[in-house]
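Computation of the quantities below employed the complete heavy-atom set of this structure, encompassing side-chain atoms and omitting hydrogens, waters and symmetry-equivalent molecules. Predicted model, so just to flag it, every value in this text is computed and none were measured. Here is how names work: the chains are called A, B, and so on, in the same order as the sequence lines, proteins then strands, and each is numbered from 1.
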Amino acid sequence: MKYLYVAAAPEVSLEDHRMVSGLMMSEFGFPVREMAIPAIDFAYDAARRQYNSVPVLEMLARLFPDDTGKLLAVTDRDLFVPVLTFVYGQAQLNGRVAVFSLARLRQEFYGFAPDREVLVERAAKEALHEAGHLFGLVHCAERTCAMSLATNVRQIDSKQAAFCAPCRARLTRTKGVLA
Amino acid sequence: MKNRWQILVVDDEEVMCESLAAWLREDGYLVDTAASGHEAIDKTRQRDYAIYFVDLKMPGGMDGIETMMQIRRTRPEASIIIITAYATVDTAITAMKEGAQEYIVKPCNPEEISLLVSRIVKVKNLQRENTILRKKLSRQYVVQDIVTKNARMHDILALCQEVASLRSTVLIQGESGTGKEMIARVIHNCGDRAQKPMVSVSCASLAETLLEPELFGYERGAFTGAGEQKRGKFELADGGTIFLDEIGDISAKLQVDLLRVLQERSFYRVGGSQEVRVDVRVIAATHVNLQQAVSEGKFREDLYYRLNVIEIRIPPLRERREDVPLLARHFLERLSHELGKDVRDISEGALKLLMDYNWPGNVRELENSIERAIVTCKNHELTEDSFAFLAMNGSAGRVWTPPAGMSLSEMEKVLIISTLQRTNGNIKESAGILGIDRSTLYEKIKRYEISR
């Protein structure tokens, strides 16, 4: 039996961890397991004051338990890849590990008052998006699909926390990898 | 349809290269990476990348600008985006002057890259559509359209360019389906006559009595049904090129007429007494061995030497197997677009199968096979299963023993008859199944006296 692991860094609250794992279970229908991962301070880039997601994915690949099908990690640190100013998350396309960040999904990142409801909604969409990449889905042209590319929160807010019908069909064909 | 465009990311810093490649792959593009300018040039020779991201500062004596200039020599139509961590106005100006489409500073905003690539892809889709439509209209071919990495084919293409502007007659020899007409069009389009018409005539498809007026035209009242004067193909090709396909099949009388046109550059319309002068370059083609036909007395020796001023022999596909993967990918890209199917790739196993196949119908058979595989493909990749029908065509299929004493030509006749019956006499479809072109099929129908 292979599990879909949802891992959380220490700064992520138990509530948020449960929220993501619950979503994964209901959306993908696989047995989901939770796990804790170490802090990602080693990936901190002082010049950019952000965390490089490339070594984070490498760490996740090393931590990959034997009974894992896919591993999705969540952090509250602001992530980047070297060539881009930031990323909401990064996944190995059709691979094993992915990570996404709550940092830029929070209203307070943009100077607004915290809004738990907005955060949960955005986190659900990003978790689905990165998990979709893990199952081989690429960006979707349908703006409301969770797999559509979002490069700002306005675009995330205009998506739905669900896959469009064609992406769902592709997912059904490919997610057998965990069975 | 963006997934069909291929992107090459060139950066000596592996982490930069891989992170940009990963980002673009998530966007659905096919992405390769190169760690140096030299590697980028090598990969450019092997694959047709539409978009390049090239880092400005790279060690090894070949920086981003030099890499870009070399890429542009091989792929002038490619879009090149220079990326740099050290932006200055001077480098930006130099990059743009040397042909960079965009200049971006890393780290870049994800939105910027995404918009940039989607804008380039949109333009490329339009350009491709435009090219396809233009080609459909004019059916023109230039050297770049001949997909090959075979040394003999490169020699042929070089020869085509060399002789393109001469008026000398060209004789193209090659098996059915090797692309004789395409080579003729390359010669026509590369020369001074490119703006004038190239008129093709399939000599095997018409009986002698029809071919003569077709070639030379006729005067009013020349024969029953000649209600008014009509210009022939030679006149229509005036100033341009006439392509005479399956020249080996013309009658003895037409051989004499043709010899006269080649010598005098003039002829008489059927039923006419006035000499018509034309300036036409003749390119002839045949799949039969004309020299042998001459020795057997079936073809005039003087006409053979008139035609064979410049000789081009196109090798069959089985003698240039290295072209099979290139051609397969080329047809896959073009046909999946034309057929509106989202088939993006072809598996290594399928390519090996195609490489091992003997291709009696040459490039045309390969094109038909790819089309058939795309039409029946249920996902995004052609696999070995997609080409199962080839195994049935070849020795892997069921063993069939012909009746004892049956000659090769008898067997060919039986096969043509049964194919025609299966297609209700549809010549195009039958030719496709048999892996020969229509004119060859007409010629064989005529030779075996098969009634349709």
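- Counting heavy atoms of neighbouring residues, nucleotides and ligands inside a 6.0 Å radius, atom CZ of A/Phe112 does not exceed 12 of them.
- Two residues are said to be in side-chain contact when any heavy atoms from C-beta on lie closer than 4.5 Å; B/Ser19 and A/Val83 meet this criterion.
- Taking CZ of A/Arg170 as the reference point, atom NE2 of B/His380 lies at 5.0 Å (rounded to 0.5 Å).
- Note that CD1 of B/Ile113 and CG of A/Leu149 are 11.0 Å apart. Values are rounded to the nearest 0.5 Å.
- Closest approach of B/Ala22 and A/Gln90 over heavy atoms only: CB-NE2, 4.2 Å.
- Of the atoms belonging to A/Gln92, not a single heavy atom falls under 4.5 Å from chain B.
- One distance of note links OH of B/Tyr29 with NE2 of A/His139; it measures 10.5 Å at 0.5 Å rounding.
- The number of heavy-atom neighbours closer than 6.0 Å to CD of B/Glu77, taken from other residues, nucleotides and ligands shown, is above 12.
- With a threshold of 4.5 angstrom between heavy atoms, B/Ile104 does not approach chain A through any atom at all.
- We find the CG-CG distance between B/Asn109 and A/Leu84 to be 8.0 Å, quoted to the nearest 0.5 Å.
- Neither the backbone nor the side chain of A/Ala150 comes within contact range of chain B; no heavy atoms are under 4.5 Å apart.
- The shortest side-chain heavy-atom distance between A/Asn152 and B/Glu111 falls under the 4.5 Å cut-off.
- Within the 4.5 Å cutoff, side-chain heavy atoms of A/Arg48 are placed close to those of B/Pro107.
- For B/Gln46, the CD atom is densely surrounded, since the number of other residues' heavy atoms within 6.0 Å is greater than 12.
- For the atom pair CG of B/Asp27 and CG of A/Leu93, the computed distance is 10.5 Å after rounding to the nearest 0.5 Å.
- The shortest distance between side-chain heavy atoms of B/Pro110 and A/Phe86 falls below 4.5 Å.
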